[in-house]
Amino acid sequence: MEDSLIHKGQRNQLVKALRDKGITDEKVLFAIGQIPRHLFFFDKALEKFAYEDKAFPIASHQTISQPYTVALESQLLNITGREKVLEIGTGSGYQAAVLSLMGASVYSIERQQELYTNTTSLLKELKYAVSTFLGDGFKGLPQYAPFDRIIITAAAPFIPRTLLDQLKIGGILVSPIENDKKQELIRIKKISDTDFEQTLHGECAFVPMLEGINFQKNI
Ligand code: SAH
(Lines give C-alpha, C1' and ligand atoms only; values in the text may rest on other atoms or scores of the structure.)
Protein backbone atom coordinates (compact mmCIF):
# COMPACT_ATOMS: atom_id res chain seq x y z
CA MET A 1 0.00 0.00 0.00
CA GLU A 2 2.68 2.43 -1.05
CA ASP A 3 2.08 5.98 -2.22
CA SER A 4 5.30 7.47 -3.61
CA LEU A 5 6.43 10.90 -4.81
CA ILE A 6 6.16 9.57 -8.36
CA HIS A 7 2.48 8.77 -7.76
CA LYS A 8 1.96 12.27 -6.33
CA GLY A 9 3.57 13.82 -9.40
CA GLN A 10 1.35 11.73 -11.68
CA ARG A 11 -1.72 12.85 -9.71
CA ASN A 12 -0.75 16.52 -10.20
CA GLN A 13 -0.57 15.87 -13.94
CA LEU A 14 -3.98 14.20 -13.86
CA VAL A 15 -5.48 17.17 -12.00
CA LYS A 16 -4.03 19.51 -14.61
CA ALA A 17 -5.51 17.38 -17.42
CA LEU A 18 -8.93 17.48 -15.71
CA ARG A 19 -8.74 21.30 -15.41
CA ASP A 20 -7.89 21.47 -19.12
CA LYS A 21 -10.97 19.35 -19.87
CA GLY A 22 -13.19 21.81 -18.01
CA ILE A 23 -13.44 20.57 -14.40
CA THR A 24 -13.62 23.65 -12.16
CA ASP A 25 -14.87 22.40 -8.75
CA GLU A 26 -11.85 22.84 -6.46
CA LYS A 27 -13.16 20.25 -3.97
CA VAL A 28 -13.23 17.65 -6.75
CA LEU A 29 -9.74 18.57 -7.98
CA PHE A 30 -8.38 18.54 -4.42
CA ALA A 31 -9.80 15.06 -3.75
CA ILE A 32 -8.45 13.62 -7.02
CA GLY A 33 -5.07 15.21 -6.25
CA GLN A 34 -5.00 13.44 -2.85
CA ILE A 35 -6.42 9.97 -3.48
CA PRO A 36 -4.00 7.17 -4.45
CA ARG A 37 -6.04 5.80 -7.40
CA HIS A 38 -3.42 3.09 -7.99
CA LEU A 39 -4.44 1.42 -4.71
CA PHE A 40 -7.98 0.92 -6.07
CA PHE A 41 -6.76 -1.35 -8.89
CA PHE A 42 -7.36 -5.06 -8.28
CA ASP A 43 -4.95 -6.05 -11.06
CA LYS A 44 -1.48 -4.95 -9.97
CA ALA A 45 -0.24 -5.19 -13.59
CA LEU A 46 -2.48 -2.24 -14.49
CA GLU A 47 -1.41 -0.04 -11.54
CA LYS A 48 1.16 1.78 -13.64
CA PHE A 49 -1.65 3.22 -15.78
CA ALA A 50 -3.63 4.44 -12.76
CA TYR A 51 -3.14 8.15 -13.48
CA GLU A 52 -4.13 7.98 -17.13
CA ASP A 53 -7.56 9.45 -17.75
CA LYS A 54 -9.08 6.07 -18.63
CA ALA A 55 -11.39 3.40 -17.21
CA PHE A 56 -9.80 0.01 -16.37
CA PRO A 57 -11.12 -3.46 -15.55
CA ILE A 58 -11.43 -4.50 -11.89
CA ALA A 59 -12.89 -7.82 -10.60
CA SER A 60 -16.30 -9.32 -11.49
CA HIS A 61 -16.16 -7.93 -15.08
CA GLN A 62 -16.60 -4.39 -13.75
CA THR A 63 -14.54 -1.23 -14.23
CA ILE A 64 -13.02 1.63 -12.24
CA SER A 65 -14.52 4.69 -13.97
CA GLN A 66 -12.50 7.17 -16.00
CA PRO A 67 -11.23 10.03 -13.75
CA TYR A 68 -12.86 12.67 -15.98
CA THR A 69 -16.24 10.96 -15.56
CA VAL A 70 -15.75 10.64 -11.79
CA ALA A 71 -14.83 14.35 -11.70
CA LEU A 72 -17.78 15.42 -13.85
CA GLU A 73 -20.37 13.40 -11.91
CA SER A 74 -18.90 14.72 -8.63
CA GLN A 75 -18.97 18.31 -9.90
CA LEU A 76 -22.57 17.97 -11.11
CA LEU A 77 -23.58 16.87 -7.59
CA ASN A 78 -22.63 20.34 -6.29
CA ILE A 79 -21.29 19.25 -2.90
CA THR A 80 -21.06 22.29 -0.63
CA GLY A 81 -20.87 20.84 2.89
CA ARG A 82 -21.57 17.55 4.59
CA GLU A 83 -24.30 16.35 2.21
CA LYS A 84 -25.62 12.82 2.72
CA VAL A 85 -24.93 11.00 -0.56
CA LEU A 86 -26.19 7.64 -1.82
CA GLU A 87 -23.95 5.98 -4.43
CA ILE A 88 -25.20 3.11 -6.60
CA GLY A 89 -22.26 0.93 -7.74
CA THR A 90 -19.39 0.95 -5.19
CA GLY A 91 -17.12 -0.93 -7.62
CA SER A 92 -13.50 -0.18 -6.73
CA GLY A 93 -14.54 2.40 -4.12
CA TYR A 94 -12.67 5.24 -5.89
CA GLN A 95 -15.73 7.43 -6.59
CA ALA A 96 -16.92 6.92 -2.99
CA ALA A 97 -13.48 7.96 -1.70
CA VAL A 98 -13.58 11.14 -3.83
CA LEU A 99 -17.00 12.14 -2.44
CA SER A 100 -15.92 11.31 1.09
CA LEU A 101 -12.82 13.50 0.82
CA MET A 102 -14.99 16.31 -0.58
CA GLY A 103 -16.79 16.26 2.79
CA ALA A 104 -19.88 14.22 1.92
CA SER A 105 -21.26 11.50 4.13
CA VAL A 106 -21.32 8.54 1.71
CA TYR A 107 -23.58 5.45 1.65
CA SER A 108 -22.65 3.14 -1.22
CA ILE A 109 -24.39 0.01 -2.56
CA GLU A 110 -22.81 -2.77 -4.66
CA ARG A 111 -24.59 -5.84 -6.15
CA GLN A 112 -21.43 -7.97 -6.72
CA GLN A 113 -20.65 -9.70 -3.45
CA GLU A 114 -16.97 -10.15 -4.29
CA LEU A 115 -16.49 -6.44 -4.99
CA TYR A 116 -18.52 -5.48 -1.93
CA THR A 117 -16.26 -7.60 0.32
CA ASN A 118 -12.93 -6.50 -1.17
CA THR A 119 -13.82 -2.83 -1.43
CA THR A 120 -15.30 -2.61 2.05
CA SER A 121 -12.00 -3.76 3.53
CA LEU A 122 -9.92 -1.55 1.22
CA LEU A 123 -11.89 1.59 2.19
CA LYS A 124 -11.49 0.68 5.86
CA GLU A 125 -7.76 0.11 5.47
CA LEU A 126 -7.33 3.45 3.66
CA LYS A 127 -9.49 5.09 6.37
CA TYR A 128 -12.24 6.52 4.12
CA ALA A 129 -15.42 6.89 6.15
CA VAL A 130 -17.80 5.32 3.63
CA SER A 131 -20.71 3.07 4.67
CA THR A 132 -20.94 0.16 2.23
CA PHE A 133 -23.90 -2.15 1.58
CA LEU A 134 -24.41 -5.34 -0.42
CA GLY A 135 -27.71 -4.86 -2.23
CA ASP A 136 -29.65 -3.87 -5.32
CA GLY A 137 -29.32 -0.19 -6.17
CA PHE A 138 -32.72 -0.18 -7.86
CA LYS A 139 -34.14 -0.42 -4.33
CA GLY A 140 -31.90 2.25 -2.80
CA LEU A 141 -31.53 2.36 0.99
CA PRO A 142 -34.98 3.25 2.38
CA GLN A 143 -33.76 2.84 5.97
CA TYR A 144 -31.27 5.74 5.51
CA ALA A 145 -33.39 7.96 3.23
CA PRO A 146 -33.86 10.79 2.47
CA PHE A 147 -30.56 11.73 0.78
CA ASP A 148 -29.31 15.17 -0.28
CA ARG A 149 -27.64 13.69 -3.34
CA ILE A 150 -27.76 10.41 -5.29
CA ILE A 151 -25.08 9.30 -7.74
CA ILE A 152 -25.47 6.27 -10.01
CA THR A 153 -22.21 4.93 -11.46
CA ALA A 154 -23.63 2.23 -13.76
CA ALA A 155 -25.67 2.84 -16.92
CA ALA A 156 -29.33 2.97 -15.91
CA PRO A 157 -32.00 1.95 -18.42
CA PHE A 158 -34.29 4.45 -16.64
CA ILE A 159 -34.07 6.43 -13.39
CA PRO A 160 -35.83 4.30 -10.75
CA ARG A 161 -38.77 6.08 -9.14
CA THR A 162 -37.73 4.47 -5.81
CA LEU A 163 -34.49 6.48 -5.92
CA LEU A 164 -36.24 9.76 -6.76
CA ASP A 165 -38.53 9.09 -3.78
CA GLN A 166 -35.43 8.71 -1.56
CA LEU A 167 -34.10 12.14 -2.66
CA LYS A 168 -34.85 15.25 -0.56
CA ILE A 169 -36.74 18.12 -2.16
CA GLY A 170 -34.03 20.43 -3.51
CA GLY A 171 -31.75 17.39 -3.87
CA ILE A 172 -29.79 16.36 -6.97
CA LEU A 173 -29.40 12.97 -8.69
CA VAL A 174 -26.66 12.38 -11.29
CA SER A 175 -26.57 9.26 -13.46
CA PRO A 176 -25.60 7.86 -16.82
CA ILE A 177 -28.74 6.97 -18.74
CA GLU A 178 -28.82 4.59 -21.70
CA ASN A 179 -31.10 5.07 -24.71
CA ASP A 180 -30.63 3.27 -28.04
CA LYS A 181 -27.14 2.06 -26.99
CA LYS A 182 -26.09 5.68 -26.37
CA GLN A 183 -25.19 6.74 -22.82
CA GLU A 184 -25.45 10.30 -21.54
CA LEU A 185 -24.98 11.87 -18.12
CA ILE A 186 -28.20 13.26 -16.72
CA ARG A 187 -28.64 15.62 -13.75
CA ILE A 188 -32.06 15.74 -12.12
CA LYS A 189 -33.06 18.32 -9.52
CA LYS A 190 -36.07 17.50 -7.35
CA ILE A 191 -38.24 20.61 -7.15
CA SER A 192 -41.20 18.96 -5.40
CA ASP A 193 -42.55 15.42 -4.98
CA THR A 194 -43.87 15.61 -8.54
CA ASP A 195 -41.64 18.18 -10.31
CA PHE A 196 -38.13 17.52 -11.57
CA GLU A 197 -35.74 19.64 -13.65
CA GLN A 198 -33.33 17.72 -15.85
CA THR A 199 -30.27 18.61 -17.90
CA LEU A 200 -27.92 16.49 -20.05
CA HIS A 201 -24.13 16.66 -19.76
CA GLY A 202 -22.54 14.70 -22.60
CA GLU A 203 -21.83 11.14 -23.60
CA CYS A 204 -20.24 8.61 -21.25
CA ALA A 205 -19.43 4.87 -21.03
CA PHE A 206 -20.42 2.77 -18.01
CA VAL A 207 -21.10 -0.92 -17.36
CA PRO A 208 -24.84 -1.64 -17.13
CA MET A 209 -26.94 -1.21 -13.99
CA LEU A 210 -28.36 -4.69 -13.32
CA GLU A 211 -31.05 -5.94 -10.97
CA GLY A 212 -30.53 -8.29 -8.01
CA ILE A 213 -27.43 -9.38 -6.07
CA ASN A 214 -24.71 -11.61 -7.60
CA PHE A 215 -23.23 -13.92 -4.95
CA GLN A 216 -20.88 -15.73 -7.40
CA LYS A 217 -17.13 -15.23 -7.52
CA ASN A 218 -16.69 -13.81 -11.00
CA ILE A 219 -13.15 -12.70 -11.94
N1 SAH B 1 -18.14 3.84 -8.67
C2 SAH B 1 -17.32 2.77 -9.18
C3 SAH B 1 -17.73 2.38 -10.59
C4 SAH B 1 -17.79 0.91 -10.75
S5 SAH B 1 -18.56 0.30 -12.20
C6 SAH B 1 -15.84 3.09 -9.08
O7 SAH B 1 -15.50 4.23 -8.74
O8 SAH B 1 -15.02 2.21 -9.29
C9 SAH B 1 -20.25 0.16 -11.70
C10 SAH B 1 -20.56 -0.73 -10.54
O11 SAH B 1 -21.98 -0.74 -10.39
C12 SAH B 1 -20.15 -2.19 -10.72
O13 SAH B 1 -19.33 -2.58 -9.67
C14 SAH B 1 -21.48 -2.95 -10.74
O15 SAH B 1 -21.41 -4.24 -10.16
C16 SAH B 1 -22.37 -2.02 -9.93
N17 SAH B 1 -23.81 -2.18 -10.15
C18 SAH B 1 -24.48 -2.40 -11.32
N19 SAH B 1 -25.81 -2.47 -11.10
C20 SAH B 1 -26.00 -2.29 -9.75
C21 SAH B 1 -27.13 -2.28 -8.89
N22 SAH B 1 -28.38 -2.47 -9.34
N23 SAH B 1 -26.94 -2.06 -7.57
C24 SAH B 1 -25.70 -1.86 -7.06
N25 SAH B 1 -24.58 -1.89 -7.82
C26 SAH B 1 -24.72 -2.09 -9.15
Side-chain angles (χ1 to χ4, degrees), residues 14 18 28 31-32 35-43 46-47 49-77 85-102 104 106-123 126 128 130-142 144 147 149-164 166 173-178 183 185 204-219:
L14 176 60
L18 295 176
V28 174
I32 289 181
I35 299 176
R37 186 171 185 251
H38 62 285
L39 301 182
F40 292 80
F41 277 53
F42 288 54
D43 182 348
L46 293 176
E47 260 191 33
F49 305 118
Y51 297 102
E52 292 188 7
D53 190 15
K54 288 185 186 149
F56 284 99
I58 49 174
S60 304
H61 303 302
Q62 305 304 320
T63 53
I64 177 168
S65 304
Q66 181 187 351
Y68 174 72
T69 312
V70 171
L72 184 57
E73 278 205 276
S74 306
Q75 175 166 289
L76 289 169
L77 283 180
V85 181
L86 172 64
E87 180 191 32
I88 311 299
T90 315
S92 67
Y94 181 71
Q95 171 74 76
V98 169
L99 292 169
S100 160
L101 210 59
M102 288 171 69
V106 186
Y107 296 71
S108 185
I109 315 179
E110 174 56 55
R111 67 178 290 278
Q112 297 279 359
Q113 185 184 34
E114 185 192 17
L115 277 178
Y116 161 76
T117 307
N118 292 343
T119 299
T120 300
S121 54
L122 177 72
L123 288 168
L126 296 178
Y128 292 106
V130 174
S131 307
T132 54
F133 301 83
L134 175 65
D136 180 357
F138 279 95
K139 302 198 171 96
L141 283 179
Y144 294 98
F147 295 94
R149 303 286 188 263
I150 298 180
I151 176 171
I152 305 181
T153 67
F158 58 90
I159 304 300
R161 180 72 223 189
T162 332
L163 294 184
L164 292 172
Q166 291 178 26
L173 178 148
V174 175
S175 175
I177 185 141
E178 183 154 348
Q183 293 183 16
L185 274 185
C204 53
F206 282 86
V207 293
M209 180 169 175
L210 302 171
E211 278 185 68
I213 296 173
N214 181 11
F215 293 100
Q216 315 265 311
K217 195 170 160 71
N218 192 359
I219 299 281

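Every number for a ligand or one of its atoms is a count from 1 in the order of the listing. Quick caveat: nothing in here was measured; it's all calculated off a predicted structure.
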Pair Leu123, Phe40 - check side chain to side chain contact (heavy atoms under 4.5 Å, CB included), show working. CA-CA 9 Å; Leu123 288 168; Phe40 292 80; 4.1 Å; yes
Pairs under 3.5 angstrom, nitrogen or oxygen on both sides, ligand 1 versus protein: list them out, please.
| from | atom 1 | to | atom 2 | distance (Å) |
| --- | --- | --- | --- | --- |
| ligand 1 | 1 (N) | Glu87 | OE2 | 3.0 |
| ligand 1 | 1 (N) | Gly89 | O | 2.9 |
| ligand 1 | 1 (N) | Thr153 | OG1 | 3.0 |
| ligand 1 | 7 (O) | Gln95 | N | 3.1 |
| ligand 1 | 8 (O) | Ser92 | N | 3.1 |
| ligand 1 | 8 (O) | Ser92 | OG | 2.6 |
| ligand 1 | 13 (O) | Glu110 | OE1 | 2.7 |
| ligand 1 | 13 (O) | Glu110 | OE2 | 3.3 |
| ligand 1 | 15 (O) | Glu110 | OE2 | 2.6 |
| ligand 1 | 19 (N) | Leu210 | N | 3.0 |
| ligand 1 | 22 (N) | Asp136 | OD1 | 3.1 |
| ligand 1 | 22 (N) | Gly137 | N | 3.4 |
| ligand 1 | 22 (N) | Leu210 | O | 2.6 |
| ligand 1 | 23 (N) | Gly137 | N | 2.7 |
| ligand 1 | 25 (N) | Arg111 | N | 3.4 |

Could you pull out all residues at least two apart from Phe41 that satisfy ring-ring contact (aromatic ring centres under 6.0 Å, His included)? Phe56
Report the residues that fulfil side-chain contact (heavy atoms from CB on, under 4.5 Å) with Thr162, sequence neighbours left out, ordered by chain and then residue number. Pro160, Gln166
For Tyr128 and Ile35: C-alpha separation, side-chain torsions, deciding distance, then whether side chain to side chain contact (heavy atoms under 4.5 Å, CB included) applies. CA-CA 10 Å; Tyr128 292 106; Ile35 299 176; 3.6 Å; yes
Output side-chain donor-acceptor pairs under 3.5 Å for residues 90-101, partner residues at least two apart or in another chain, one line each.
| from | atom 1 | to | atom 2 | distance (Å) |
| --- | --- | --- | --- | --- |
| Thr90 | OG1 | Ser108 | OG | 2.8 |
| Thr90 | OG1 | Ile109 | O | 3.3 |
| Ser92 | OG | Tyr94 | N | 3.2 |
| Gln95 | NE2 | Ser74 | OG | 2.9 |

Audit row: Ile159, Ser175, side chain to side chain contact (heavy atoms under 4.5 Å, CB included) steps and yes/no: CA-CA 8 Å; Ile159 304 300; Ser175 175; 3.7 Å; yes
